[in-house]
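The structure displayed is predicted, hence computed values, not measured ones. We number each residue from 1, following the sequence as shown. Excluded from the calculations below are hydrogen atoms, water molecules and symmetry mates; all remaining heavy atoms, backbone and side chain alike, are included.
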Amino acid sequence: MNVGFAMCGSFCTYAAVFPVMEALSKKHTVIPIISEASYSVDSRFGTAQEHRDRAEQICGTAPLHTLAQVEPIGPKKLLDILVIAPCTGNTLAKLAHSIADGPVTMAAKSHLRNGRPVLVAVSTNDALAGAAENIGKLLARKHFYFVPFGQDDAQKKPTSMVADFSQIPQALEAALEGRQIQPILL
């Protein structure tokens, strides 16, 4: 099975996301895809180069990071499923409004043309604020599935939510069967 694994710029979650990518790569062909921010932004959680190198080491191939690289995903039917983990509020908004102006959103658009599943692992500080509408739109849209998510720090960040990345493998299997893993909210 070919799994696209798209990473957006929620750098604080990479320590939890990379082990899941690694576990999936032991069972499937995993094709890494990274957003512009992931490709170029250094943060206190590591440099962009370190993140690119780690994805390449895990998957055995350099991450796709341009529109030209991801556009063939749909026409060539390259993926069975696309995982977006972490999926930021910015990417949620673009997906909800069919905006495909970067590698992650273009990969999703291209992949969706074949009616194949997209698995979203939310990580955003405004999930219970501005991003809530976009989460709702994607929950109601065909071919979108969610990794269960919940508040990560209700006292200090009352509108923030993050997926339980450890549930990606189970959520992936369910999505391939056309099912949403339950419960969605933790």
Side-chain angles (χ1 to χ4, degrees), residues 2-67 69-70 73 79 81-95 101-108 111 118-128 131 134-135 138 144-154 156-157 159-172 175 181 184 186:
N2 293 325
V3 177
F5 202 110
M7 298 178 74
C8 299
S10 180
F11 307 114
C12 61
T13 64
Y14 281 18
V17 170
F18 276 124
V20 177
M21 178 189 279
E22 189 166 13
L24 289 175
S25 71
K26 291 178 181 174
K27 295 181 179 181
H28 311 290
T29 300
V30 176
I31 300 165
I33 302 163
I34 58 174
S35 68
E36 295 100 333
S38 298
Y39 187 79
S40 63
V41 175
D42 296 337
S43 73
R44 62 187 169 109
F45 301 101
T47 67
Q49 185 66 55
E50 289 168 342
H51 298 315
R52 292 193 307 265
D53 291 346
R54 182 137 186 228
E56 183 172 357
Q57 181 266 325
I58 290 169
C59 300
T61 185
L64 306 179
H65 67 282
T66 68
L67 294 174
Q69 289 172 325
V70 301
I73 286 172
L79 305 177
I81 188 166
L82 175 63
V83 177
I84 304 175
C87 185
T88 61
N90 184 54
T91 299
L92 286 167
K94 290 178 179 189
L95 292 170
D101 64 348
V104 173
T105 54
M106 176 59 81
H111 175 70
V118 174
L119 180 61
V120 177
V122 171
S123 179
T124 178
N125 286 327
D126 69 340
L128 294 175
N134 298 320
I135 291 169
L138 293 178
F144 279 95
Y145 300 88
F146 280 77
V147 176
F149 58 97
Q151 287 182 283
D152 55 312
D153 187 347
K156 294 180 184 171
K157 302 186 299 181
T159 62
S160 180
M161 296 185 92
V162 68
D164 177 356
F165 300 110
S166 71
Q167 292 193 46
I168 289 174
Q170 305 95 289
L172 181 146
I181 192 172
I184 296 174
L186 302 174

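Here the closest non-hydrogen pair linking G89 and D126 is CA-OD1, 4.4 Å. The two atoms that bring A37 and F11 nearest to each other are O-CZ, 3.7 Å, heavy atoms only. Taking each heavy atom of C8 and T88 in turn, the nearest pair found is CB-CG2, 3.7 Å. Of all heavy-atom pairs spanning L119 and F146, the tightest one is CD1-C, 3.8 Å. What you find for V30 and T61 is that their closest heavy atoms are O-CG2, 4.4 Å. When all heavy atoms are compared, the tightest approach of S38 to M7 is OG-O, 3.2 Å.
With values rounded to the nearest 0.5 angstrom, I81 atom CD1 is found 11.0 Å from F5 atom CZ. Note that the CG atom of L79 and the CD1 atom of I33 stand 6.0 Å from one another [nearest 0.5 Å]. Taken to the nearest 0.5 Å, the CG atom of L92 stands 11.5 Å off from the OG1 atom of T105. Note that CZ of F149 and CG of L186 are 8.5 Å apart. Values are rounded to the nearest 0.5 Å. Separating the CG atom in L128 from the NZ atom in K157 is a distance of 12.0 Å, to the nearest 0.5 Å. If you take SG on C87 and CG on L95, they are separated by 5.5 Å, rounding to the nearest 0.5 Å.
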Legend entry - Intermediate values then yes/no, side chain to side chain contact (heavy atoms under 4.5 Å, CB included), H51 and I34: CA-CA 10 Å; H51 298 315; I34 58 174; over 6 Å; no
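Among residues two or more places apart in sequence or in another chain, the side chain to side chain contact (heavy atoms under 4.5 Å, CB included) test is passed with T47 by D42, Q49, E50. The salt bridge (Lys or Arg N to Asp or Glu O under 4.0 Å) test applied to D53 returns no partner, not counting sequence neighbours.
Proximity of M21 to C59: side-chain heavy atoms (C-beta onward) are separated by under 4.5 Å at one or more points. Looking only at side-chain heavy atoms (C-beta outward), S10 and C12 come within less than 4.5 Å of each other. Side-chain contact between Y145 and V120 is absent, with no heavy-atom pair separated by less than 4.5 Å. Between V20 and P169, some side-chain heavy-atom pair lies under the 4.5 Å cut-off. Counting heavy atoms from C-beta on, the side chains of S160 and D153 never come closer than 4.5 Å.
Listed for the T159 side chain is a donor-acceptor partner under 3.5 Å among the backbone atoms of N125.
Among residues at least two apart or in separate chains, ring-ring contact (aromatic ring centres under 6.0 Å, His included) pairs with a member in residues 19-46 are Y39-H65.
Screening I73, L64, L82, V70 for a side chain to side chain contact (heavy atoms under 4.5 Å, CB included) involving I31 leaves a single residue, L64.
Note: F18 and Y14 have perpendicular aromatic rings, judged against thresholds of 30 and 60 degrees for the angle between ring planes.
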